[in-house]
Amino acid sequence: MTTARILDGNALSTSVRAKLAERATALKSRGVDPCLAVILVGEDPASSVYVRNKVNACEKAGLRSLRDVYAADTDPAVVFARIAELNADPSVHGILVQLPLPKQFDSDAVLEAISPLKDVDGFHAENVGALMQGKPRFISCTPYGVMEMLKSEKVVMKGAEVVIVGRSNIVGKPMAMLLLQQSATVTICHSQTRDLKSHTLRADILVAAVGKAKMITGDMIKPGATVIDVGINRLPAEQGGKLCGDVDFESAKNVAGLITPVPGGVGPMTITMLLANTIEAAERTLET
Ligand code: NDP
């Protein structure tokens, strides 16, 4: 029985963030103070934690951040007006609206209201289209982070069999596009896929982005595969209440060659790539 190497997202984040901090310093020396604006509507506890982590990460890397927090019953027109203001403000380089939004909001309309030049989450249709065409402007942060993790470990993507479980717009689909661009052979599985295991067992690189605790077990993994666990699930209190991924780490680590843990895997890299996208947006202002 082998034990997989652990792909440590915290360690990689630390080194990537150090380089981003250098780029932030270089920008400031040229008169550009990179700035991310974050909008939060409502009191969802998980969203509040995510926003706090993003703002803290900005500060640590030397980026300026703005945080607008609105009550859950805010009229969408107020938020649209604020987005328009931030779009027009040259001192703001990235804009992020934390999802999910309360029910009176049309989330797609909100995301489309953000200037595609400041859409550091990469959710705007224009940026999704650019990614499809192989000319990405902003890559959504989680898939971007996964690509950096694979590159950091020199995982061979060209010709590799990749299976992605999950087809969301924010993880599964952009992940597939990025791996396709690296000449992997990509299969996307979802809730209607028949015999999931027959697919996952073929994967040289397996990406789990489902949102179901420990659903990928060791017997579903090809020996030596690289396993990327995007899932973040909280176990019920009677099972300890801890965070866990979509992969059953205990059984998977005996089969995989390389595996990301949860927590400490993809999660920290997601925030890191948000900083990277903001820095890139700020650097682009010097090119025009
Ligand atoms: P979504 O709920 O949007 O998508 C889940 C996907 O999983 C869907 O495509 C769904 O299929 C598929 N699915 C559901 N059940 C099964 C099943 N039994 N077999 C195969 N596929 C299935 O989730 P997200 O993509 O937004 O997030 C996925 C996970 O990643 C969550 O745990 C989330 O918390 C986490 N996450 C982590 C991030 C990080 O920074 N690490 C960032 C973003 C998300 P269908 O389309 O048919 O419904």
Side-chain angles (χ1 to χ4, degrees), residues 6-10 12-13 16-17 38 44-54 56-57 96-101 107-108 111 120-123 128 131 138-150 162-179 186-203 206-217 219-221 227-236 241-249 259-277:
I6 308 291
L7 213 174
D8 182 343
N10 282 323
L12 181 60
S13 278
V16 174
R17 287 186 200 192
V38 183
D44 177 55
S47 293
S48 302
V49 171
Y50 290 144
V51 166
R52 195 169 61 231
N53 289 345
K54 288 168 186 175
N56 287 346
L96 176 158
V97 177
Q98 185 65 44
L99 300 177
L101 287 164
S107 298
D108 289 340
L111 297 179
V120 282
D121 256 341
F123 295 160
V128 174
L131 175 64
F138 291 114
I139 302 169
S140 44
C141 303
T142 302
Y144 194 0
V146 171
M147 293 307 285
E148 291 302 304
M149 294 177 101
L150 294 172
V162 173
V163 174
I164 300 166
V165 190
R167 57 172 164 180
S168 72
N169 289 339
I170 64 167
V171 187
K173 284 184 201 163
M175 195 72 254
M177 282 304 131
L178 291 168
L179 286 157
V186 181
T187 303
I188 309 177
C189 299
H190 46 77
S191 67
Q192 306 307 307
T193 297
R194 275 184 277 133
D195 193 3
L196 181 64
K197 185 175 171 179
S198 70
H199 295 282
T200 59
L201 270 176
R202 286 187 297 104
L206 176 60
V207 181
V210 183
K212 291 209 159 82
K214 302 185 184 186
M215 72 164 278
I216 305 287
T217 44
D219 61 317
M220 298 169 78
I221 295 169
V227 177
I228 305 288
D229 190 355
V230 177
I232 302 178
N233 310 288
R234 188 161 299 278
L235 289 172
K242 283 192 181 159
L243 285 186
C244 77
D246 291 342
V247 175
D248 176 34
F249 188 82
I259 188 166
T260 63
V262 177
V266 175
M269 283 304 287
T270 294
I271 297 192
T272 299
M273 302 329 286
L274 174 66
L275 304 181
N277 277 342

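This one's a predicted model, so the numbers in the text were calculated from it and none came from an experiment. We count ligands from 1, going down the list as the structure has it; atoms in each ligand are counted the same way.
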Is there a side-chain contact between [X] and [Y] (heavy atoms, below 4.5 Å)?
X: Ile221; Y: Val227; result: yes
X: Ile164; Y: Val171; result: no
X: Ser107; Y: Leu101; result: yes
X: Lys54; Y: Asn56; result: no

Heavy-atom gap [X] to ligand 1 smaller than 4.0 Å:
X: Val230; result: yes
X: Gly172; result: no
X: Met269; result: no
X: Ala209; result: yes

For [atom], the protein heavy atom that lies nearest, with its residue and separation:
atom: atom 25 (O) of ligand 1; answer: Ser168 OG, 2.5 Å
atom: atom 13 (N) of ligand 1; answer: Val210 CG1, 3.5 Å
atom: atom 20 (C) of ligand 1; answer: His190 O, 3.1 Å
atom: atom 31 (C) of ligand 1; answer: Gly211 CA, 3.6 Å
atom: atom 33 (C) of ligand 1; answer: Ile232 N, 4.2 Å
atom: atom 47 (O) of ligand 1; answer: Ser191 OG, 2.5 Å
atom: atom 42 (C) of ligand 1; answer: Thr142 OG1, 3.2 Å
atom: atom 26 (O) of ligand 1; answer: Ile170 CD1, 3.6 Å

Please report the closest heavy-atom contact between [X] and [Y], naming both atoms and the distance.
X: Ala176; Y: Ile188; answer: CB-CD1, 3.5 Å
X: Thr142; Y: Val230; answer: CG2-CG1, 3.7 Å
X: Ile232; Y: Tyr50; answer: CD1-OH, 4.5 Å
X: Asp229; Y: Val247; answer: OD2-N, 3.1 Å
X: Met269; Y: Val16; answer: CE-CG2, 4.4 Å
X: Leu275; Y: Ala57; answer: CD1-O, 3.8 Å

Val165 and Leu196: CA distance, side-chain angles, deciding distance, side chain to side chain contact (heavy atoms under 4.5 Å, CB included) verdict: CA-CA 9 Å; Val165 190; Leu196 181 64; 4.0 Å; yes

Under 3.5 Å donor-acceptor, Ser13 side chain and Pro268 backbone: yes

Short side-chain to backbone donor-acceptor contact, Thr187 and Val163, under 3.5 Å: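 Checking the backbone N and O of Val163 against the side chain of Thr187, no donor-acceptor pair under 3.5 Å is found.
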
For [X], is at least one N or O under 3.5 Å away from an N or O on ligand 1?
X: Arg167; result: yes
X: Thr270; result: yes
X: Leu196; result: no

[X] neighbourhood, listing ligand 1 atoms whose heavy-atom distance to it stays under 4.0 Å:
X: Gly267; answer: 40 (O), 41 (N)
X: Met215; answer: 19 (N)
X: Gly166; answer: 6 (C), 7 (O), 9 (O)
X: Val266; answer: 41 (N)
X: Asn233; answer: 32 (O)

Val165 and ligand 1 - part of the residue with a heavy-atom distance under 4.0 Å: side chain

Nearest neighbour of atom 44 (C) of ligand 1 from the list Leu99, Ile271, Val171, on a heavy-atom basis: Val171

Under-4.0 Å salt bridge between Lys214 and Asp246: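 No salt bridge links Lys214 with Asp246.
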
Under-4.0 Å protein heavy-atom contact, atom 11 (O) of ligand 1: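 There is a protein heavy atom less than 4.0 Å from atom 11 (O) of ligand 1.
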
